[in-house]
Colleague: 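Sharing a structure, written as C-alpha cells. Questions coming.
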Amino acid sequence: MQGSNNLFWPLFGAVSIFFMLSPLVLVVLFSFGQNAQATLPIGGLTLDWYRALFDNDNFWRGLQNSIIVTGAVGLSSTVVGTLAALGLARLRPARAGRLITVLSFPIMMPPLVLALSLVTSYAGLGIPMGLHTVIPSHLVFTQPFVILIVYAQMSNFNYAVVDSARDLGASPLRIFFTIILPIIRPTLIGATLIAMAVSLDDFIITFFTIGSGMTLPTLIWGMLRTSLDPSINALGTLVLVATISASIVALRITRYRG
C-alpha cells in the first residue's frame, strides 16, 4: 500500500506537468512546422512562418507599442513600488502586513473585473483610450509585485549602517544612493523584469484600455479572428520566450526561492 502511494504522487505530478506544458510545446512546435494548417504531423522544419511574421507591418507596430508600454511600466512601477516598500519597511510588521494586503487587491481581482473598472473610470473622466491609458492600467497590477519583492528585501535590511551614516552627517538622499541602492540593486532589477514580463503578457486589461492601438498580445487576438496560420504560433513563441526569459532572470537575480 505504501509503495502504491509512493508511485501515485510522482505519476500524478508528471501528468499534471504534461497537461500544463503540452499546449506551450505545441505552439513552439507548430511555429517551426511546414504544415500550414498547424496540425500534426507538422511536416519538415522551416523558418518561413517567422519570415512571414517579420514581413507583417502590424508585428513591428505591435512590437514598438509593447516596448513602449513595458519599458514605461517597468520604470514607473519600480520607482513608485520601491518608494512604497521603503516606507512600509519602516512600519511595524503587523501594520505593514495590513497595508500590503490592501495594496495587493489588484492582483487578487479577476482581470476582467479590473479591466471593466478601469474602462468605466476612463470613460467617466472623458479620457480617450490609447497607450497613455494602458500604461497606468498596467501599473495597477504590476506595482504590487514590485512592492512585495522590495519589501521582502528591506524587511531583512541592516539599518545599523544607515544609522551610522546619519550620525556621520550624511543626508537621506546620499544615504539612499550610496548605501541602500547598491545593496538592493539586484532586487530592483529583478522586480523590474518581473513587472515588465507581467505587463508584456497581459491581454485582457490591454484589450479593454488600448482603444484602436495594438500590442503583441492584442495582435495575436486580431490574427486569430481573421485567420489561423503558424505565423500566429511564431508570434506566440516570441512572446513566450521573452516572458519566460525575463521571469527566469528576475527570479535568479532576486534569489527568490518561494
Side-chain angles (χ1 to χ4, degrees), residues 24 63 66-108 134-202 205 215-217 237-258:
L24 302 180
L63 177 62
S66 289
I67 291 175
I68 293 173
V69 171
T70 55
V73 169
L75 178 61
S76 302
S77 62
T78 301
V79 172
V80 177
T82 300
L83 293 176
L86 291 175
L88 289 170
R90 286 295 192 174
L91 300 177
R92 292 192 300 271
R95 186 177 181 185
R98 290 192 293 269
L99 290 175
I100 289 176
T101 301
V102 174
L103 293 172
S104 300
F105 279 163
I107 60 178
M108 294 186 285
V134 175
I135 293 173
S137 299
H138 282 200
L139 289 176
V140 172
F141 63 87
T142 57
Q143 277 188 159
F145 289 102
V146 177
I147 294 173
L148 291 170
I149 293 171
V150 179
Y151 175 77
Q153 172 73 20
M154 294 306 301
S155 61
N156 298 319
F157 191 83
N158 183 11
Y159 285 96
V161 293
V162 175
D163 296 334
S164 299
R166 188 180 294 112
D167 292 340
L168 294 174
S171 65
L173 195 62
R174 186 172 184 181
I175 290 174
F176 175 78
F177 283 104
T178 60
I179 298 177
I180 298 178
L181 183 59
I183 295 176
I184 67 172
R185 184 183 291 117
T187 301
L188 296 185
I189 296 174
T192 302
L193 290 174
I194 289 179
M196 294 176 69
V198 173
S199 174
L200 174 64
D201 196 48
D202 176 74
I205 293 176
T215 59
L216 294 182
T237 300
L238 295 178
V239 174
L240 181 66
V241 169
T243 304
I244 293 179
S245 299
S247 300
I248 291 176
V249 172
L251 296 178
R252 180 71 176 178
I253 291 175
T254 56
R255 305 294 196 275
Y256 181 71
R257 293 295 182 269

Colleague: Working to the nearest 0.5 angstrom, can you tell me the gap between Met108 CE and Thr101 OG1?
Modeller: 6.5 Å

Colleague: Quick one: pull up CG in Leu99 and CD1 in Ile147 and give me the separation to the nearest 0.5 Å.
Modeller: 10.0 Å

Colleague: Identify the heavy atoms of Leu139 and Ser77 that sit nearest to each other, and give their distance.
Modeller: CD2-N, 3.5 Å

Colleague: What are the two closest heavy atoms between Pro106 and Val140, and how far apart are they?
Modeller: CB-O, 3.3 Å

Colleague: For Tyr151 versus Ala85, what's the shortest heavy-atom pair and its separation?
Modeller: N-CB, 3.7 Å

Colleague: Closest heavy-atom contact between Phe141 and Ile107?
Modeller: O-CG2, 3.2 Å

Colleague: Using the salt bridge (Lys or Arg N to Asp or Glu O under 4.0 Å) criterion, which residues pair with Arg166? Sequence neighbours excluded.
Modeller: Asp163

Colleague: Side-chain contact, heavy-atom cut-off 4.5 Å: Leu200 with Ser66?
Modeller: yes

Colleague: So which heavy atom on Met154 is nearest to which on Ala89, and how close?
Modeller: CB-CB, 3.6 Å

Colleague: Any chance you could measure Leu188, atom CG, to Leu193, atom CG, to the nearest 0.5 Å?
Modeller: 11.0 Å

Colleague: State the CG-OG1 distance between Leu173 and Thr178, to the nearest 0.5 angstrom.
Modeller: 9.0 Å

Colleague: Is Ser199 reaching over with its side chain to a backbone N or O of Ala195, donor-acceptor style, under 3.5 angstrom?
Modeller: no

Colleague: Please tell me if the side chains of Leu88 and Leu103 come closer than 4.5 Å, counting only heavy atoms from C-beta onward.
Modeller: yes

Colleague: If you round to the nearest 0.5 Å, how far is CG of Asp202 from OG1 of Thr142?
Modeller: 9.5 Å

Colleague: Can you name the closest pair of heavy atoms from Ala152 and Ser155 and give their distance?
Modeller: O-OG, 2.9 Å

Colleague: Listed by chain and number, what are the side-chain hydrogen bond (donor to acceptor under 3.5 Å, both in side chains) partners of Thr78, not counting sequence neighbours?
Modeller: Thr192

Colleague: State the OG1-CG distance between Thr70 and Leu216, to the nearest 0.5 angstrom.
Modeller: 9.0 Å

